[in-house]
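Taking it in order: structure first as C-alpha cells, then the write-up.
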Amino acid sequence: MLSFLLAAALATSGFDAVDPFIGTGGQGHTFPGAVAPFGMVQLSPDTDTSCQIRECYAHAAGYRYNDPTIQGFSHTHFSGAGHSDLGDFLVMPVAGEAVPLEPGDPAKPGSGYRSRFDHKQEQAQPGYYAVKLLDSGVAAEMTAGTRIGVHRYTFPAGKAAHLVLDLRSSLYNYPGKTMWSTVRLHSDGTITGMRETRGWAPARKLWFAIRFSEPVEDWAFLNREKDIPYKGFRGPSRGQDSVAMLAGRALVARFDFGVIKRPLEVRVALSGVDEAGAIRNLDSEPGSFDAIRAKTRALWEKSLGAVAIDARPDTKRMLYTALYHAFMAPSVFGDVDGRWRGPDDEVHLAKGFTFHSTFSLWDTFRAEHPLLILTQPERRNADFINSLIASQQVSPFGILPVWQFQGRETWTMIGYHAVPVIADAYLKGIRGFDARVALDAMVASATYAPYGGLGDYMKLGFVPIDREPEAASKTVEYAYDDWTIARMAEAMGRPDIAKAFSARALNWRNSFDPKTGFLRARRADGSFREPFDPTAINYGSDYTEGNAWQYSWFMPQDQGGLIRVLGGDAATVTKLDAMFDYDNSKLDYSHAEDIAGLIGQYIHGNEPSHHTAYLYAYAGAPWRTQARLAQIVSSQYKPAPDGLSGNDDLGQMSAWLMFTAMGFYPVAPGSNEYVIGRPFADRIVLNLPNGKRFRIVAENLSDANVYAGQIALNGRPLDRVFLTHKQIMAGGELRFSMQNTPNRNWGTAVTARPYSMTGY
C-alpha cells in the first residue's frame with residue numbers, strides 16, 4: 001500500500017519541475033511559450049524574425065535566450081527543429097499615444113513596437129508564459145488550449161491600450177515569403193484572416209479568428225508593400241455595425257481600445273481549413289484566460305503523471321522537462337469538426353480520429369514515438385498512425401509523410417521513417433487503425449522508384465552515389481525501414497511481403513566495406529567512391545548530417561551481422577572505443593550546422609549517433625555501455641537554457657534522455673526489445689496506459705557508482721541485456737544495484753544479447 005501511495009504522489013509532482021527555458025539557448029531550439037499537450041497553438045515570444053540581423057538557424061524556434069528584445073508573440077512554433085518556419089500571426093501590445101507599425105531595430109530602443117525585457121521578470125511553466133515588456137510597461141501573459149491561444153495584457157494605468165497584428169512577420173522571414181494574406185472585421189467584432197506562405201513547406205495556408213474582451217474604439221488595416229501607395233482603412237467609432245476587409249502581401253492591423261481599467265484578453269484560434277473553421281475552433285474552447293490556463297494545467301499534470309520520478313532536483317528538472325518537450329508533437333492540425341487540409345491542398349474529413357501533423361520522422365522514429373507508446377493512451381497513438389495513413393491516401397505521390405507539418409510535405413531528411421513508426425506501434429499492440437491499409441501504404445512508400453534513389457536501390461541493392469546524393473546513408477536507412485515492413489507483414493500473416501523485405505533488410509551489407517571497416521558510398525558500377533575520409537562531414541554528400549564514423553553503426557536490425565563483419569566482439573568494442581576516444585583537435589566542423597555535442601566522433605547533438613553507446617551490449621561488454629552513458633549524460637544535458645547539446649528535434653533528444661534515465665533504450669524499434677543500460681534516477685515509475693505500473697529502482701545511485709553490479713526483474717536476477725515490451729507492459733519492477741566497479745561477467749553470453757536478424 002505504501003508503494004502505491006508513493007507512486008501516486010510522485011505522479012503529480014512533475015508539473016512544477018518542468019523548466020521550459022531548457023534548450024532555449026545554445027543549439028536546443030526550444031521555445032518557452034504556452035502550449036497544451038500536442039496542441040495546435042504554440043503561443044510564444046519571438047525575439048528576432050529577421051535573417052538579415054541574425055542567422056535564421058539560431059532562431060528556428062523564434063525565441064533565443066540571449067536576445068535583449070521581444071518583437072511580439074506569434075501562435076505557431078517548432079520545438080527543437082533544425083529548420084526555421086512558422087511564427088504565424090504576430091501580436092504585440094503598445095501603450096500610449098504613438099503606435100509604431102514596424103518592429104524597429106533591437107539595438108535602438110523605441111524605434112518600433114518591439115520591447116526590451118529582463119529574464120528576472122519572465123516566467124514559464126507548462127501552458128503559461130509571462131513577461132514584463134520594459135519599454136511599454138505592459139505585463140504580458142500567454143496560455144493555450146488545444147486549438148486556441150489566449151493573451152492577457154495589463155497596461156499601465158492611464159495609458160491608452162493598443163494592439164498591433166503583423167501578418168508580415170514570420171520565422172525565416174525572407175522577402176516574398178508571404179504570398180498572400182487577408183484581414184477582416186466582422187460586425188460582431190470578430191477579426192479573421194489568413195496567410196499563405198512559401199517557406200520550408202510550399203503554399204502553406206493558415207487561417208485565424210480573434211476576439212477581444214474589450215470593445216475596439218478605433219482600428220486600421222494597412223498594406224505596407226513597397227510597390228503599393230501607403231494607405232490605411234480606418235474603422236468607424238465604437239458601436240457602429242461594420243464589416244471591412246483588406247488583402248495583400250504585407251498587412252498590418254492596429255486596434256485601439258482607449259484607456260481600459262481591466263486587463264485585455266485576446267482569444268485566438270487557428271485553422272488549416274478556412275475562416276469558418278477558425279471561428280468554430282474558437283467557439284469550441286470557451287472560457288476566460290484563467291479558465292483556459294487551469295484546464296491546460298490539468299491536461300499537463302495528467303500527461304506528465306505518466307511518469308513519476310524520484311531523483312536529485314537537477315535531474316528531476318531535466319527529466320520532467322524532457323517529458324514535457326516530448327509531449328508537444330505530433331501536434332493537432334484537424335479542426336474541431338474533423339476537417340483538415342492535406343498534402344494535396346484539399347480539405348478532407350477525419351472520421352473517428354483527430355488529424356495530427358508535425359512529423360519529424362527521421363528524428364522521432366528512434367525514441368520519441370516509442371516513448372509515446374509507453375506514456376500516451378492507445379487512442380492518441382492510433383491518431384498519429386491514422387494521420388500518417390490519411391496523408392498517404394491523398395498524397396499526390398502516394399507515399400507516407402517524410403517531414404510534414406501543417407499537412408504540408410517538406411521532403412526534408414531521408415528514408416521512409418513513417419514505416420517504422422507504424423510497424424513499431426502495430427507490433428506493440430496499438431490498434432484503432434486499418435493495418436491492411438497501413439501495410440499497403442508502407443509498401444507503396446518503399447517501392448516508389450522516383451523517391452531518393454529507390455529505383456536503383458531496388459535494382460542494385462544499394463543507392464549509387466553517382467546518381468543520388470547521401471547514398472551511403474540512404475542505403476542503410478532504407479534497409480532498416482524494410483526490415484520493419486517485413487516484421488509487420490510477418491505478424492499479419494503476409495509471408496510474401498515479409499520474405500521480399502527481409503531480403504532488402506540485408507542491403508546494408510552492400511555498402512559496407514570490410515577492408516576499411518566503414519560504411520561507404522558506392523558508384524553504380526559497384527566501386528566505392530574514392531578518396532575516402534571517414535571523418536569528413538558533407539564530404540561529397542555521401543552521408544546525411546554525419547560521416548562514416550556515425551553511419552557505420554546504423555544497421556539496428558542486424559548488429560550481430562555487423563559484429564561478424566568487423567571481426568568479432570573484441571574488434572567491435574575496440575572500434576566503438578576508437579569512435580568515442582577520437583582526437584578531433586585537427587578537425588573543423590564549423591561549416592556543419594547540426595554537428596554538435598561531440599565526444600570524439602560520437603555526435604550526440606544529432607540523431608545518427610543516438611543508439612551507438614548501447615552497441616557495446618551487443619558485443620558482450622554491457623558495462624562499457626554503462627560507462628559511456630554516464631559520459632554522455634554528464635556532458636550533453638544540464639538544467640539550463642543551453643542544456644541541450646543539439647536540436648531537440650521535436651522531442652527526440654528529450655526522449656533519448658528519458659529512456660536512458662530509466663535504464664533502457666529502443667535501439668531497434670520493431671524488435672519489441674529495449675537494450676539495458678543503467679538508470680540516472682533513484683526511482684522512476686511508468687504509469688502505463690493499460691493501468692499497470694512498471695518501476696525502475698536504482699540502489700546506491702551516485703556520480704561515483706557508474707556501473708550496475710546486479711540487475712533483477714521482479715525479484716529475479718536478469719541474465720540478459722534487454723527487456724521485452726511485453727515485460728514492461730505487464731508491470732513489475734526492474735532493480736539495479738549500482739557500484740563503482742564494472743561487473744564484467746553480467747550479460748556477456750551470446751544468449752544474453754538483443755535481437756539481431758542474422759544472429760551472432
Side-chain angles (χ1 to χ4, degrees), residues 20-21 24 31-34 43-50 53 62-75 87 89-125 128-144 149-166 169 191 210-220 222 238 252-268 288-290 292-293:
F21 290 108
T24 59
F31 62 84
L43 179 50
S44 188
D46 295 333
T47 56
D48 204 334
T49 67
S50 174
I53 297 175
Y63 179 98
R64 185 79 172 168
Y65 190 81
N66 292 331
D67 283 348
T69 67
I70 288 174
Q71 182 172 326
F73 306 95
S74 65
H75 297 80
F89 313 132
L90 183 136
V91 172
M92 189 61 167
V94 176
E97 298 305 318
V99 184
L101 298 177
E102 298 298 326
D105 186 340
K108 298 178 181 179
S111 62
Y113 59 66
R114 72 167 65 243
S115 175
R116 291 170 293 179
F117 74 110
D118 189 327
H119 293 303
K120 295 179 181 178
Q121 298 185 68
E122 187 182 31
Q123 179 187 358
Q125 57 184 208
Y128 178 76
Y129 173 83
V131 67
K132 183 69 173 289
L133 300 174
L134 300 180
D135 292 329
S136 65
V138 175
E141 298 174 274
M142 313 285 142
T143 192
V150 187
H151 312 235
R152 183 163 66 188
Y153 300 114
T154 302
F155 291 84
K159 287 192 175 184
H162 314 271
L163 288 183
V164 174
L165 170 64
D166 197 334
S169 181
I191 310 298
I210 303 175
R211 292 193 184 119
F212 307 116
S213 63
E214 297 289 329
V216 176
E217 291 192 344
D218 198 6
W219 54 273
L222 307 171
R238 179 174 50 185
V252 183
R254 192 197 77 235
F255 303 99
D256 308 320
F257 302 91
V259 177
I260 57 178
K261 297 181 180 180
R262 297 173 297 183
L264 174 66
E265 295 191 6
V266 184
R267 292 168 46 83
V268 183
S288 66
F289 181 97
D290 288 331
I292 298 299
R293 180 184 177 187

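Minimum heavy-atom separation, T47 to R64: OG1-N, 3.0 Å. Contact detail for P263 and R152: the closest heavy-atom pair is CB-CG, 3.7 Å. Closest heavy-atom contact between S74 and G87: OG-CA, 3.3 Å. S44 and P32 make their closest contact through OG-CD, 3.6 Å (heavy atoms, listed as atom of the first residue, atom of the second, distance). Counting all heavy atoms, side chain and backbone alike, L134 lies closest to Q121 at CD2-NE2, 3.6 Å. Nearest heavy-atom pair, G137 versus P156, reported as atom, atom and distance to 0.1 Å: O-CG, 3.7 Å.
Scored by the side-chain hydrogen bond (donor to acceptor under 3.5 Å, both in side chains) test, E122 finds Y63, H119, Y129 as partners (sequence neighbours excluded). Remark: P20 pairs with V18, A124, Y324 by the side-chain contact (heavy atoms from CB on, under 4.5 Å) rule, at least two apart or across chains. Residues forming a salt bridge (charged side-chain N to carboxylate O under 4.0 Å, His left out) with R211 (at least two apart in sequence, or on another chain): D283. Judged as a side-chain hydrogen bond (donor to acceptor under 3.5 Å, both in side chains), and not counting sequence neighbours, S136 has no contacts. By the side-chain hydrogen bond (donor to acceptor under 3.5 Å, both in side chains) test, H75 pairs with H151, sequence neighbours left out. In this structure, the side-chain hydrogen bond (donor to acceptor under 3.5 Å, both in side chains) partners of E214, at least two apart in sequence or on a different chain, are R262.
Rounding to the nearest 0.5 angstrom, the gap separating the OH atom in Y128 from the CG atom in D290 is 9.0 Å. Distance check: L163 CG to L264 CG gives 5.5 Å after rounding to the nearest 0.5 Å. Atoms CZ and CD1, from R114 and I70 in turn, are 10.0 Å apart once rounded to the nearest 0.5 Å. Within the model, atoms CD of E102 and CD of Q71 stand 10.0 Å from one another, a figure rounded to the nearest 0.5 Å. Summarising the geometry, atom OG1 belonging to T143 is positioned 5.0 Å from atom CZ belonging to F289; distances are rounded to the nearest 0.5 Å. Of the inter-residue distances, the one linking E141 atom CD with L43 atom CG reads 11.5 Å to the nearest 0.5 angstrom.
Within the 3.5 Å criterion, the main-chain N or O of P106 finds no donor-acceptor partner in the side chain of T69. Side chain of S115 to main chain of D135: a donor-acceptor pair is present (N/O by atom type, distance under 3.5 Å, no hydrogens or angles).
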R293/V150 under side-chain contact (heavy atoms from CB on, under 4.5 Å): CA gap, chis, key distance, verdict
CA-CA 9 Å; R293 180 184 177 187; V150 187; over 6 Å; no
F155 and K261: CA distance, side-chain angles, deciding distance, side-chain contact (heavy atoms from CB on, under 4.5 Å) verdict
CA-CA 9 Å; F155 291 84; K261 297 181 180 180; over 6 Å; no
Let me see the working for I191 and V216 under side-chain contact (heavy atoms from CB on, under 4.5 Å), right down to the final yes or no.
CA-CA 11 Å; I191 310 298; V216 176; 6.0 Å; no
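By the 30° and 60° cut-offs, the orientation of the rings of F212 relative to F255 is tilted.
Looking at heavy atoms from C-beta onward, F73 lies out of side-chain contact with V268 at the 4.5 angstrom threshold. Within the 4.5 Å cutoff, no side-chain heavy atoms of L222 are placed close to those of R254. Residues V131 and P45 are not in side-chain contact: their nearest non-hydrogen atoms beyond the backbone lie 4.5 Å or more apart. Side-chain atoms of Y113 and L90, non-hydrogen and from C-beta on, do get closer than 4.5 Å to each other.
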